Amino acid sequence: MKKRKQILALLMTGAMLFSLSGCVASGNNKESSDGSSTSEDGTVTLSFWSWLPTTEQSDDMIEAFEKENPGIKIDYTRTEQDDFFEKLQVAMASGTGPDLYGMTTGPMMQQYAKFSVDMKETADQYWDGWSDIINETAVEQCMTDDGTMAGMPLLVAGMTTMMYNQTLMDECGVEKVPTTYEELLDAAQKAQEHGYVCMAAGAADDWVNSDWFVQAANEFENGAVYEAEAGERKWTDQCFVDTMQAWKNMFTEGIFEEGALGVATYPDARDQYFFARKSLFFLTGSWHLGPTSPTNSEIQGTEIGNRGDVIGMAPFPSVSESGEMLGTSGVDVMISMNKDCKEQEAAMKFIQFLADGEGQQMWVNYLQGSPVSKNVSYTGTVDGELQQESIDTVNEYVGNAAGNRKLSNSEVEKAIQVAMQNVAAGGDPLTELEGVQAIADAQ
């Protein structure tokens with residue numbers, strides 16, 4: 001009797017499974033484990049997660065791609081960069097990550113490369129001649145330590161720059177855009193006298209802080225930061241102590257807003273300070289040239305947009321005694337393809353669109369960054385009083401960059417970021433750099 005019941009149970013279970021499988025088969029889409037799907041008419045849907053393109057950019061870009069490729073749909077999810085990698089980490093670890101995802105070079109790329117296809121191999125298969133089109137230096141920055149190309153570069157950007165409000169500068173009596181620390185300090189004093197913040201900075205963001213450190217360290221001694229990363233000199237050398245002291249001065253001498261350690265770059269420093277017309281300057285990178293145009297969608301409805309303030313962009317002032325401004329540059333965003341992506345040919349079409357096609361042109365015209373494609377240059381409208389001057393100045397600054405804005409050693413970079421937070425909170429520069437050197441020695 002017991003055996004008959006077991007057989008009956010098995011038959012009922014089988015019937016239930018058959019019924020469930022029938023429900024799946026009768027649906028309109030066949031989904032793969034990574035979230036991509038193919039409808040009955042053959043349309044492929046690809047999931048794409050990133051912080052770029054922005055919300056303002058993505059609708060037009062995706063519409064243009066889908067018009068050009070009617071058999072492919074893009075399901076785009078945008079997350080602010082601060083939260084993006086935490087979200088991606090959870091999804092990748094659980095095997096539910098998207099087909100395509102934004103990525104940065106440096107430590108993050110090294111961490112997530114194990115989830116990505118080798119982009120060189122995949123591009124060689126589906127995109128003929130790509131290596132002759134895409135900037136070679138940008139491609140090199142997308143290579144991991146073991147020689148894997150973790151993604152395709154999409155935009156190149158420089159660090160560190162600042163957006164400035166010429167209208168507020170005039171109101172405060174700041175006669176020129178500061179190029180030295182002394183001029184920046186003078187601007188800070190005049191801004192405070194008129195009730196404004198000098199420089200809105202998102203010092204809660206580790207990536208901003210370490211980008212600033214690499215750029216400033218090059219000004220104190222060009223190339224020293226890369227030598228230290230390679231173990232060829234100490235992080236306690238005087239040029240790095242001077243860099244940390246200059247960082248500390250940003251907080252103690254009124255350059256940054258009060259409480260900057262608790263402020264994120266996006267959206268807080270941008271929206272609550274600079275766009276809200278509360279600061280003369282905003283610490284950012286060359287990817288943020290867009291607001292130099294009064295018709296830029298990003299500033300529509302903001303205080304600076306409503307007031308018609310004149311906005312420009314310039315390199316961050318030199319913090320060294322030499323007064324030399326040396327920028328850094330690198331791939332600002334790249335796109336990686338999930339190893340689990342079932343529709344790699346379709347995914348590569350979208351990558352090509354963003355890296356060399358209409359998507360690349362749209363991005364460059366948005367002034368989101370410099371092109372990685374040798375076929376693309378800025379063709380947009382120049383309608384801001386300082387827009388062309390800003391584009392030329394920033395492009396020259398980025399073109400003469402001293403080196404890469406990102407360090408490749410994640411442990412050392414993290415140690416520098418922790419040291420910068422501690423120094424900004426009152427810590428001693430040399431003591432904190434000794435901690436960085438200890439991490440380097442341990443490796």
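Owing to the predicted nature of the structure, the values given are computational and were not obtained by experimental measurement.
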Would you say the side-chain atoms of [X] and [Y] include a donor-acceptor pair closer than 3.5 Å?
{"X": "His288", "Y": "Gln368", "result": "no"}
{"X": "Glu171", "Y": "Thr167", "result": "no"}
{"X": "Glu432", "Y": "Asn422", "result": "yes"}
{"X": "Ser293", "Y": "Asn296", "result": "no"}
{"X": "Glu121", "Y": "Tyr126", "result": "no"}
{"X": "Gln417", "Y": "Ser210", "result": "yes"}
{"X": "Thr45", "Y": "Asp75", "result": "no"}
{"X": "Gln166", "Y": "Asp170", "result": "yes"}
{"X": "Asp124", "Y": "Trp130", "result": "yes"}
{"X": "Asp99", "Y": "Asn338", "result": "no"}
{"X": "Gln272", "Y": "Asp268", "result": "yes"}
{"X": "Asn409", "Y": "Glu413", "result": "no"}
{"X": "Asp383", "Y": "Thr381", "result": "no"}

Next item on the list: Applying ring pair (Phe, Tyr, Trp, His ring centres under 6.0 Å), name anything that partners Tyr226, two or more places apart in sequence or on another chain.
Entry: none

Check: OG/Ser373 to CG/Leu354 distance, rounded to the nearest 0.5 angstrom?
Finding: 12.0 Å

Item checked: Residue pairs, two or more places apart or on separate chains, that pass side chain to side chain donor-acceptor pair (under 3.5 Å) and touch residues 392-404 -> Gln388-Asp392

Between the main-chain N or O of [Y] and the side-chain N or O of [X], is there a donor-acceptor pair closer than 3.5 Å?
{"X": "Lys190", "Y": "Val174", "answer": "no"}
{"X": "Ser322", "Y": "Glu324", "answer": "yes"}
{"X": "Thr79", "Y": "Asp83", "answer": "no"}
{"X": "Lys278", "Y": "Ala200", "answer": "no"}
{"X": "Thr96", "Y": "Met92", "answer": "no"}
{"X": "Tyr378", "Y": "Tyr366", "answer": "no"}
{"X": "Asn218", "Y": "Val214", "answer": "yes"}
{"X": "Thr292", "Y": "Ile311", "answer": "no"}
{"X": "Asp186", "Y": "Glu182", "answer": "no"}
{"X": "Ser94", "Y": "Val90", "answer": "yes"}

Note to self: Test side-chain contact (heavy atoms from CB on, under 4.5 Å) on Leu280 and Val197; report intermediate values, then the result.
What the structure shows: CA-CA 7 Å; Leu280 274 63; Val197 166; over 6 Å; no

Please examine the side chains of [Y] and [X], heavy atoms only from C-beta on, and report whether any two atoms are closer than 4.5 Å.
{"X": "Asp309", "Y": "Glu303", "value": "no"}
{"X": "Trp363", "Y": "Leu52", "value": "yes"}
{"X": "Met169", "Y": "Val177", "value": "yes"}
{"X": "Ile335", "Y": "Ser50", "value": "no"}
{"X": "Trp49", "Y": "Lys87", "value": "yes"}
{"X": "Arg277", "Y": "Tyr196", "value": "yes"}
{"X": "Thr379", "Y": "Val364", "value": "no"}
{"X": "Val394", "Y": "Leu289", "value": "yes"}

Got a salt bridge between [X] and [Y], using NZ or NE/NH1/NH2 to carboxylate O under 4.0 Å?
{"X": "Arg270", "Y": "Glu298", "result": "yes"}
{"X": "Asp132", "Y": "Lys374", "result": "no"}
{"X": "Arg233", "Y": "Glu221", "result": "yes"}

Check: For Thr284, which of Thr161, Val208, Thr160 qualifies under side chain to side chain contact (heavy atoms under 4.5 Å, CB included)?
Finding: Thr161

Next item on the list: Give me the one residue out of Gln110, Glu229, Gln141 that meets side chain to side chain donor-acceptor pair (under 3.5 Å) with Ser408.
Entry: Glu229

Checklist line | Criterion side-chain hydrogen bond (donor to acceptor under 3.5 Å, both in side chains) on Gln189 and Glu193, from CA distance to verdict | finding: CA-CA 6 Å; Gln189 293 169 348; Glu193 290 171 1; over 6 Å; no

Note to self: Using the rule given for side-chain hydrogen bond (donor to acceptor under 3.5 Å, both in side chains), can you reason through Tyr101 versus Ser116, listing the C-alpha separation, both sets of side-chain angles and the distance that settles it, and then say yes or no?
What the structure shows: CA-CA 10 Å; Tyr101 48 95; Ser116 309; 2.6 Å; yes

What is the ring orientation for [X] with [Y], classed by angle as parallel under 30°, tilted 30 to 60°, or perpendicular over 60°?
{"X": "Trp51", "Y": "Phe84", "value": "perpendicular"}
{"X": "Tyr266", "Y": "Trp207", "value": "parallel"}
{"X": "Trp212", "Y": "Trp247", "value": "tilted"}
{"X": "Phe240", "Y": "Phe213", "value": "parallel"}
{"X": "Phe251", "Y": "Phe256", "value": "perpendicular"}

Next item on the list: Carefully, step by step, assess Asp441 and Gln437 under the rule side-chain hydrogen bond (donor to acceptor under 3.5 Å, both in side chains).
Entry: CA-CA 6 Å; Asp441 290 342; Gln437 186 59 48; 2.8 Å; yes

How close do [X] and [Y] get, counting heavy atoms only, and between which atoms?
{"X": "Val423", "Y": "Pro429", "answer": "CG2-CA, 3.9 Å"}
{"X": "Ala138", "Y": "Val331", "answer": "O-CG2, 3.5 Å"}
{"X": "Leu100", "Y": "Ala347", "answer": "CD2-CB, 4.0 Å"}
{"X": "Met313", "Y": "Tyr164", "answer": "N-CE2, 3.3 Å"}
{"X": "Ala123", "Y": "Met152", "answer": "CB-CE, 4.1 Å"}
{"X": "Asn209", "Y": "Met420", "answer": "O-CE, 2.9 Å"}

Next item on the list: Give the C-alpha distance, both sets of side-chain angles, the deciding distance and a yes or no for ring-ring contact (aromatic ring centres under 6.0 Å, His included) between Tyr273 and Phe282.
Entry: CA-CA 8 Å; Tyr273 287 91; Phe282 169 49; 9.6 Å; no

Checklist line | Chi angles and distances behind the side-chain hydrogen bond (donor to acceptor under 3.5 Å, both in side chains) call for Glu253, Tyr181 | finding: CA-CA 11 Å; Glu253 297 188 353; Tyr181 183 71; 2.5 Å; yes

Item checked: Lys176 NZ: over 12 foreign heavy atoms closer than 6.0 Å -> yes

